[in-house]
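Letters go in sequence order (proteins before strands), and every chain restarts at 1.
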2 protein chains.
Amino acid sequence: MPKETDDPKQQPGAGCSIRGVLDRIGDQWSLLTLEALEDGKKRFNELMREIGDISKQMLSKTLKHLEQDGFVRRTVYPEVPPRVEYELTEQGRSFLIPMKTLIGWAEQNHAAITIARQRHEDS
Amino acid sequence: MPKETDDPKQQPGAGCSIRGVLDRIGDQWSLLTLEALEDGKKRFNELMREIGDISKQMLSKTLKHLEQDGFVRRTVYPEVPPRVEYELTEQGRSFLIPMKTLIGWAEQNHAAITIARQRHEDS
DNA sequence: CGGGATCCTCGCGGATACTG
DNA sequence: CAGTATCCGCGAGGATCCCG
């Protein structure tokens, strides 16, 4: 893939927009971060603790991406010690709907998947 | 992450099952492959052409994962030249629903995201 | 406390060649 | 045609230190 501009080989409607958005929310952390922000404002270290096994860079990078894409609003309070809070924007909250659908499916089928996965191990 | 068994730090309901499933469908290719299989049986090279910029290993690996997780059924026809066809299972088709919801959201909001993304460039 | 800069590792994933 | 095996570059991402 020499260029990152739109690939004319791709269908303009379907595949194109999917990739752009899913590449972002597809990574391990974005969904978990959005989910952690679901129930209100959170501070940086608060998010780290909630997500658990995420490093600072990854959380920082993920939040920056989410902010850049309009999912998250970042508010800095000019205090000392500094305090920064993150919260979902309207767009971010609207995304929770398809996301919840996905998570719901995952929870319902995750057992079946685990079984299918193990069945393949004995082969 | 020394062990891959369930992490007791995680909530058993929410975060846990999300990760297991999303790790699989989260990668670049699984979703595109499932989408390519949406309208019926496909052969290997047919899938490669349809997806476009996927290599043989990645398609092979992705299909193997999807088969292992019960999303895809693989059928080998004992002919010469060999023919192999892939198709969605029931579970695979059921997954199309949340997936479509997600894609639909992506298509609707992808323009807004692009704008938000560019707005951040001038900063 | 909230991150940025740096270093370094590890495995994703492309290219190619080979097999059945 | 439908993969598997091998080599290898490169970038994601963890650890650590530092700064405002």
Rounded interatomic separation in angstrom, taking CG from Leu59(A) and C1' from dG4(C): 14 Å
Near-strand residues of residues 61-77 of chain A, defined as heavy-atom separation under 4.0 angstrom from DNA chain D: none
Interatomic distance, Lys42(A) NZ vs dG2(C) P [rounded to whole Å]: 13 Å
Note, Lys41(B) side chain near Tyr86(B) side chain (heavy atom, < 4.5 Å): no
Gap between atoms CG and C1', on Asp53(A) and dG13(D) respectively (whole Å): 12 Å
Pair Arg43(A) + Glu85(A), salt bridge at N-O below 4.0 Å: no
Exam field: side chain Glu67(B) to backbone Lys64(B), donor-acceptor pair closer than 3.5 Å: no
Nearest-angstrom distance from the residue atom CD of Glu79(A) to P of dG3(C): 14 Å
Main-chain N/O of Ala36(B) paired to Lys42(B) side chain as donor or acceptor, under 3.5 Å: yes
Note, Leu88(A) side chain near Phe71(A) side chain (heavy atom, < 4.5 Å): no
Phosphate contact (dG2(C) OP1 or OP2) by Ser60(A) side-chain N/O below 4.0 Å: no
Student check: side-chain heavy atoms of Leu32(A) and Glu50(A) closer than 4.5 Å: no
Rounded distance (Å) that lies between atom P of dC12(C) and atom CE of Met58(B): 8 Å
Close side-chain approach of Asn45(A) to Arg49(A), heavy-atom, < 4.5 Å: yes
Heavy-atom protein contacts under 4.0 Å, nucleotides 15-20 of chain D, coded B base, S sugar-phosphate only, - none: BBB--B
Nucleotide dG14(D), atom P - distance to CD1 of Ile54(A) in whole Å: 8 Å
Ion pair check, Glu38(B) and Lys100(B), cut-off under 4.0 Å: yes
Whole angstrom value for the distance that separates P of dA12(D) from CG of Asp27(B): 16 Å
Check: Leu31(B) and Phe95(B) side chains under 4.5 Å, non-hydrogen atoms: yes
Short side-chain N/O contact from Arg43(B) to OP1 or OP2 of dA2(D), under 4.0 Å: yes
Position toward the 5' end of DNA chain C (nearest nucleotide), Arg49(A) or Trp29(B): Arg49(A)
Rounded distance in Å - CD (Gln28(A)) to C1' (dG14(D)): 13 Å
